[in-house]
Structure formats: structure tokens, C-alpha cells
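Here's the structure, in C-alpha cells; my notes come after.
Proteins get letters first, then strands, A, B, ... in listed order; numbering begins at 1 in each.
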Protein chains: 2
Amino acid sequence: MRSPTLNIQANNCHNCRMSTLCLPLTLDVGSLDRLETVIERGRPVHKQQFIFHAGDPFQSVYAIRSGAIKSYCTSEDGSEQVTGFYLPGEIFGWDGIDNNNHKNTAVALETTALCEIPFNRFEEVSRTMPILQQHFMRLMAKEITSDQELITLLAKSSAEERVASLLISLSNRLKRQHLSATRFRLPMSRADIGNYLGLTVETVSRVFSRFQSFDLILCDKKEIEITNLPGLSSLAHKPKIT
Amino acid sequence: MRSPTLNIQANNCHNCRMSTLCLPLTLDVGSLDRLETVIERGRPVHKQQFIFHAGDPFQSVYAIRSGAIKSYCTSEDGSEQVTGFYLPGEIFGWDGIDNNNHKNTAVALETTALCEIPFNRFEEVSRTMPILQQHFMRLMAKEITSDQELITLLAKSSAEERVASLLISLSNRLKRQHLSATRFRLPMSRADIGNYLGLTVETVSRVFSRFQSFDLILCDKKEIEITNLPGLSSLAHKPKIT
DNA sequence: CAGCTTCCATGATATAGATCAATTCTGTGT
DNA sequence: ACACAGAATTGATCTATATCATGGAAGCTG
């Protein structure tokens, strides 16, 4: 059975509409068949279930077909830092390549369908498919640049800028998946947002309220409607007239 | 002629004492010879000279033999965000892989000797040397985890924790290069430090003064001596008794 | 459905660090 | 050696956001 708005229920890479995101465009049909043998489509993961824990041996990276994932790492003192939110069409789990175990814990924020890409078999396959390895390096580079954008946000921006940036980022990423860029449900809590953006829950909540009073957004709990996208966008990109 | 303290004046990869850092340990002599043909040792770069600018086409990554590099990106509004400091034995320039041009600008903080690793030729060579590509993915993963550590630092830590963390990080990285872990010269300005850590120059300066008054460090301008390494370390790792 | 827990919103207050300002020190180039 | 622009330090004040505190709404569980 197919979801009414989003056809992601493919049973192989050939007819998965995500494929251009997690696989290079230039793969011919033969290569795709070989690759097909590597990728595993798992059971849907339910809210609050873990994909992997920090410290787990690194075996796979994961592509999201539907749902949402939060990744975070835990410091010695037990405090957590949310390092990313991942949406459909995105890949996570790179953090484990370094020393063969994951630095982050990954948990489902809602019911989520994943494709698991086992890494040992991937290396095998990519030996005969250099384009694939190149593609994956590109994906890792994307992770690097998005992390650096977050660094800039945390180092330089006010609470309003941070929240606006997150909303705009979510909007753009949903749009890329041909989902509504202006109406969506936040998969994460205010606390998660605050943790991710280096703010307290209270501040996040106040910023949401302020955005509503400025008619930038409408929100009812986790349901968000961006009513003034250009306005919110300009807030996200340095409103300071410095 | 060789530097008295650090033998980095190798004229090929075989006798470069950096090689275990930028190359996989398992390369046999034959492979190393082939690789040798790819890597270029450039003229020393002087202080304030640029290695590449944001927007430049991505052609190479760079290994540092001696000196120090700062990378930063510039937002639309012209403000800069320092994204990393790179020391001997470290590799930078990954940010360009994504869409074939650099997001960051890289500039020498002092006279610096680099090895340039042209990427098109690298891909060629690595086709017959899968271990090499794997090694480079590992290096990229390191960049990801170090970016995520910075994210945590920026999101969660006080000014003192941030500065202490940077000093400890520099100390560890110099130690890895068999240089003094407790006495060194900061290659970057207070302003660079502040920018990197999301603080103002004034705050950085005050923190340095405070660290001196606590007998954690001794500093004369850019010359630093860490006089209480364990103390500084514990400051870096969450002094809060939360 | 009652009771519990978690999430969210909002007000009052406190504070770390920003901002503004002035001074000294440093390094660079002539 | 001198002059000048930039780098660093230090002080006084201001402000954004944290912290503390409370109440209400929503979602779970038995």
C-alpha cells in the first residue's frame, strides 16, 4: 500500500524515488543491480527506537525513506548534544567511519523507514565502482559543510536567527522532497531544538511566540505553518545591519 | 638543511615523518612509489598568503608539514567565521569535494610548508589502491567528528571552557607531533580565537588573564606555557558539577 | 476516565558575556 | 630609529539569554 502523498514504498533501488539522493545519478542498470544486493531495507523503526548507540561498532550508514532521525552524542558528564536532525532523502551514520565505532547515538523521532547500507559490503562493491565511493565522499563533504554552517550559526547568531535558520533549513529540505515547504509537523521537541541550537527550552518557546506575533509563522504545538517565508528567511540570514 | 627540532624536510613520502598521518600505514613500498608521483611539495607559503579562496574550484587537499593554517568562510553580509586551525600533520581542504569548489578560504598564519595532493590524480591512483580511498574517508570522518566537538563546545560551554578546550586541543595535537605539549607559540591572534570560539576579543583576553591569575598558564603575548595541564584539562571538560 | 508525566508557555530575576571606551604594547615599513 | 596601524589588555556599563518558578494542555497508562 502506498502513502497518498509520497511514493517511497519501493522494494528495490530501481523504483525508489530516493535513489538519486543516496546513489550517484550515473549508475547504469547493471551496476544498480549489483548494488541492489548490498542494500537492506529494514522493518520500520518506531518512535524512540535506537538505530545505533554511541560506542556501537560501525557497520552501516542509513538512508531515510520516511520519518525523522535525531543524532546526539553524550559527554563524560552525561549531558547530551544533538548533532543533527535527518529527514527523508538524507544519509546519516558517517561518524562511525573514523575509528570503527559510532560517536553518536541515532534515535527515531517518529516511525521511520530506513535503508541500511552495510559498509563492509559497500567497500567490496565500490572497488569495482569507483564512482560510488566518490559519491559517498561527496555525501560526507556535505555533512562537513552542514556542520560548519551550524558552527557559524552557533558562534555568531542570536536566538531568533538560530530558530529561523532551523525552520528555513527544514522547509528547504522538505521542499527538496516535494513536500510542503510552508506547512509541516516538527518531528522534534522544543527541548531538542534548544539543545541543537545551544538555547534553553524557554528561549525557543519565546522565539516561537515572538515569530507568531510578528505573523511570520502560525504554530499549534508541533504543527508549523510559515506564513511569511521571505520574512523568516531574511531573519535567518543576519538581520543585523552590521 | 634540517630544522633542529623537527625533521620534516623530507623530499619524498618515504622519508617524510608525516607520512603515517596523511597516508595509510599499510601501503607497501611499491604503492608508495606510485603515490609519490601524485603528491606535490610546494614552495613554502608565507604568512597571510592564501592557499585557496572560497569559490575557487576544488583541485587538491593539503597536508601540513610545518606551520599553521586558518580556514574560514564568509557569509553574505561579509562577516567571517573561522572554521578551523590546522597544524603540522593535519590535512585540510575537504570542504571542496561537495560541489567542486571550496566553501572556505585557507590562509597561512605563519610560514608554512605544504604537500598538495591533487584530487583528480588521487582518484586515478586510488582506483588501484582502495585502501587509500578508505584512508581518506577516515580522514574526512575525523573532520566530521572534530566539527561536531566544536558544535558541542559552542552550544554548551562557557567562555572559560571554550578557551581551555582550544588550548588543550592545540597541546594534544602538538604532542602528537612530538612537540612540546606545554610550551608553544599560538599561531593565531586573539581575534581569530574569539571568532573561532564564538567570543569577542575582549572576552578571550580576559579569560587568558584569569587563567594566568589561577596559575594555569603563563603567557607573554602569543607565547604560551601551560603550567597546570591537569587543571586546564579539567576546566576544558565541563567544570560544572551538574 | 483518573492520574501521572512530559511538554509547552510565560513571567520575574540574575548573570555571563557583549559592547563601548580608553590605554598600552607590538610589529612593520619607511 | 621613528611613526603608524593593528593587537592586546583592562575598565564600566548594558543586554540577551539563562535560570528559577508557575500553571496549563496534551498525551499515556492502567
OP1 or OP2 of D/dA26 under 4.0 Å from side-chain N/O of A/Lys221:
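Checking A/Lys221 against D/dA26: no side-chain N or O falls below 4.0 Å of OP1 or OP2.
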Measure the distance from [atom1] on [X] to [atom2] on [N] and round it to the nearest whole Å.
{"X": "B/Lys222", "N": "C/dG27", "atom1": "NZ", "atom2": "C1'", "answer": "10 Å"}
{"X": "A/Glu223", "N": "D/dA25", "atom1": "CD", "atom2": "C1'", "answer": "16 Å"}
{"X": "A/Arg210", "N": "C/dG11", "atom1": "CZ", "atom2": "P", "answer": "12 Å"}
{"X": "A/Asp220", "N": "C/dA9", "atom1": "CG", "atom2": "P", "answer": "9 Å"}
{"X": "A/Arg185", "N": "D/dA26", "atom1": "CZ", "atom2": "P", "answer": "13 Å"}
{"X": "B/Leu154", "N": "C/dA16", "atom1": "CG", "atom2": "C1'", "answer": "16 Å"}
{"X": "B/Lys156", "N": "D/dT17", "atom1": "NZ", "atom2": "P", "answer": "17 Å"}
{"X": "B/Gln212", "N": "D/dT9", "atom1": "CD", "atom2": "C1'", "answer": "11 Å"}

Pairwise side-chain contact, [X] with [Y], heavy-atom cut-off 4.5 Å (strictly under):
{"X": "A/Leu87", "Y": "A/Gln177", "result": "no"}
{"X": "A/Gln81", "Y": "B/Lys156", "result": "yes"}
{"X": "A/Leu186", "Y": "A/Leu167", "result": "yes"}
{"X": "A/Glu116", "Y": "A/Tyr62", "result": "yes"}
{"X": "B/Lys175", "Y": "B/Leu179", "result": "no"}

Residues from residues 194-208 of chain A lying under 4.0 Å of DNA chain C - heavy atoms
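Listed by number, they are A/Glu202, A/Ser205, A/Arg206.
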Can B/Lys142 and A/Asn99 be counted as having a side-chain donor-acceptor contact under 3.5 angstrom?
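Note: B/Lys142 and A/Asn99 side chains miss the donor-acceptor criterion.
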Show each protein N/O and nucleotides 28-30 of chain D N/O combination with a separation under 3.5 Å, one pair to a line.
none

In terms of heavy-atom contacts, does NZ of B/Lys222 have more than 12 from other residues, nucleotides or ligands at under 6.0 Å?
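Atom NZ in B/Lys222 is packed in, count exceeds 12.
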Within a reach of under 6.0 Å around CZ of A/Arg183, are more than 12 heavy atoms found that belong to other residues, nucleotides or ligands?
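No - once you tally the heavy atoms of other residues, nucleotides and ligands closer than 6.0 Å, there are 12 at most.
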Provide the full list of ring-ring contact (aromatic ring centres under 6.0 Å, His included) pairs with a residue in residues 191-218 of chain B, sequence neighbours left out, each pair given once.
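Residue pairs passing ring-ring contact (aromatic ring centres under 6.0 Å, His included), neighbours aside: B/Phe85-B/Tyr196.
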